[in-house]
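Below: the structure, in structure tokens.
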Amino acid sequence: MNRTLSALFSALEAVIVVAVGLAIPLIPLTILWGAQYGFGPDWTNFWRLSADAWLLGHGADITVTLNETLVKALGIPGAAQPFVLSIAILGFSLVTVLLARRAGKRIAETRHRLSGEVVALLVVLAASFAISFSAVQPGVRPSVVQGTILPTLVFALGLAIARIGDLPWFDRIRDDVRLILVGSLRAGMAAVAIVVTVAAILVALMILANYAQIITLYESLHTGALGGTVLTIAQIMFLPNLVIWASAWLIGPGFAIGTGSSVSPLATNLGPVPSIPVLGALPQGDLPFAFVGLVVPIVAGFLAGALLSKPEQLPVSRLTWTLAVGVGTGIVGGAVLGVLAWASAGSLGPGRLADVGPDPVAVGLLAALELGLSAIVGMAATRR
């Protein structure tokens, strides 16, 4: 494949990634426009709403100014002033990363990988700018700068993941350092995977246990069948946030749904909660035996360390290996969970809703301590 065809192929891959992400909200909203509203309203309003959701899903801030009628109807303190929506709907970012990784693998099959990746990034950059610019309107103004740069960075992350295993400079690192780094990455990511998996199971169980409350919230919104479908799709895209919040709950710091609120294994203090049906799964009071959840990261670190064997060719002592990889496991696990907590938090509305999600610093530091120490114990136990 010559360079021109490779560039066109890469550009097409980038367009597909952006189009799939936009189609997730746009297709159901377009169906809603035709079936429920009889093609009456201006379709560009539904386009802007889809663009706003896509941009918000990649971390772009959106400044909202409500009209007086809506402010009086909501009755939320602070709603009369412009406020910023900054909480990322991480399902969109996850879709972009996964599709970008696939695109990166396909671009790698051409003979011009680097130039193809550059073309793909430029196409996403241009598309993101066009989407951001088209979504600007008087009452809802996404940040054009963030809307241009952040989706491109998320796409670049997917391309970078596709390159894992193709890093020739990594082989030039000294053998003992490289093996310790690899061990730390493996154990740290394994521990994070265990914590996140348990958190996902916990979210599913909470949704099942509070199914009646969730249905009651659906009925109170009077969205109709099509509106309910659109709302359900939006909540599905928000599920990664809930899983990360549950991970923060298992780590210990928990998360907030508004300033002054707290949901953690030790105590739950919820104020008024937005009428989003899936939030009906949140615990309304202190859960019995909730402290047992704190054992999960300890077990995760222990298993990650216990299952990691010391390479025979490593020219360091077993004690050095155990301490170095244990500390590395804590650093990797804490960094990953802290970044995830940071990405999942933000502002969900005016007033007290400006503070929603976990504290990334507390989550990262406590996760590093729990995973690192338990990994050391796990490796020491394996030795015995």
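As a basis for the values below, the full set of heavy atoms in this structure was taken, side chains included, without hydrogen atoms, waters or symmetry mates. Residues take their numbers from the sequence shown, with the count starting at 1.
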Could you give all pairs that pass the side-chain hydrogen bond (donor to acceptor under 3.5 Å, both in side chains) test and reach residues 20-34, with sequence neighbours left out?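 Listed once each, the pairs are Thr30-Trp43.
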Using a 3.5 Å distance criterion without hydrogens, assess whether the side chain of [X] forms a donor-acceptor pair with backbone atoms of [Y].
X      : Y      : answer
Thr110 : Arg106 : no
Ser86  : Ser347 : yes
Asn241 : Leu90  : yes

Please identify each residue that fulfils side-chain contact (heavy atoms from CB on, under 4.5 Å) with [X], with sequence neighbours left out.
X      : answer
Ala135 : Ala51, Asp52, Leu55, Pro142
Val123 : Ala11, Ala14, Val15, Val119
Ile207 : Val203, Ile214, Leu239, Val278, Ala281
Pro253 : Ile251, Ala362, Val363, Leu366

Can you list, pair by pair, the side-chain donor-acceptor contacts under 3.5 Å of residues 146-162, counting residues two or more places apart and other chains?
| unit_1 | atom_1 | unit_2 | atom_2 | d |
| --- | --- | --- | --- | --- |
| Gln146 | OE1 | Asp61 | N | 2.7 |
| Thr148 | OG1 | Val144 | O | 2.7 |
| Thr152 | OG1 | Thr148 | O | 2.8 |

Could you check Arg111 against Ser6 for side-chain contact (heavy atoms from CB on, under 4.5 Å), going step by step and ending with a plain yes or no? CA-CA 8 Å; Arg111 291 191 298 174; Ser6 175; over 6 Å; no
Is [Y] reachable from [X] through a run of hydrophobic residues whose side-chain heavy atoms are each under 4.5 Å from the next?
X      : Y      : value
Phe129 : Trp54  : no
Trp342 : Ile257 : no
Met189 : Ile244 : yes
Val377 : Val327 : no
Leu282 : Ile87  : yes

Give the C-alpha distance, both sets of side-chain angles, the deciding distance and a yes or no for side-chain hydrogen bond (donor to acceptor under 3.5 Å, both in side chains) between Thr232 and Thr229. CA-CA 5 Å; Thr232 300; Thr229 301; 6.0 Å; no
[X] [atom1] to [Y] [atom2] distance, which is reported to the nearest 0.5 Å:
X      : Y      : atom1 : atom2 : result
Leu279 : Leu270 : CG    : CG    : 9.5 Å
Leu319 : Met379 : CG    : CE    : 10.5 Å
Ile31  : Gln36  : CD1   : CD    : 12.0 Å
Leu181 : Leu185 : CG    : CG    : 6.5 Å
Ser93  : Met237 : OG    : CE    : 8.5 Å
Ile298 : Leu303 : CD1   : CG    : 11.5 Å

By salt bridge (Lys or Arg N to Asp or Glu O under 4.0 Å), which residues pair with Arg113, not counting sequence neighbours?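 Salt bridge (Lys or Arg N to Asp or Glu O under 4.0 Å) check on Arg113 returns Glu117, Asp166.
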Return the set of residues passing ring-ring contact (aromatic ring centres under 6.0 Å, His included) with Phe255 (not counting sequence neighbours), or none when no residue passes.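 Listed in chain order: Trp245.
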Cluster partners of [X], using ILVMFWY side-chain heavy atoms under 4.5 angstrom, listed by chain and number?
X      : result
Ile201 : Leu205
Leu94  : Leu98
Val84  : none

What do the steps show when you test Leu179 against Val182 for side-chain contact (heavy atoms from CB on, under 4.5 Å), and what is the final call? CA-CA 5 Å; Leu179 292 173; Val182 170; 5.5 Å; no
Atom of Ser50, atom of Leu26 and distance for their closest heavy-atom approach: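 Heavy atoms of Ser50 and Leu26 come nearest at OG-CA, 3.2 Å.
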Which pair of heavy atoms, one from Phe238 and one from Ala88, lies closest together, and at what distance?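 That closest heavy-atom pairing would be CE1-O, 4.5 Å.
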Run the side-chain contact (heavy atoms from CB on, under 4.5 Å) check on Ile62 and Arg141 step by step: do they pass? CA-CA 6 Å; Ile62 298 178; Arg141 301 183 64 87; over 6 Å; no
Which pairs, with at least one residue in residues 88-105 and sequence neighbours excluded, count as a salt bridge (charged side-chain N to carboxylate O under 4.0 Å, His left out)?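 Output for this query lists Glu13-Arg102.
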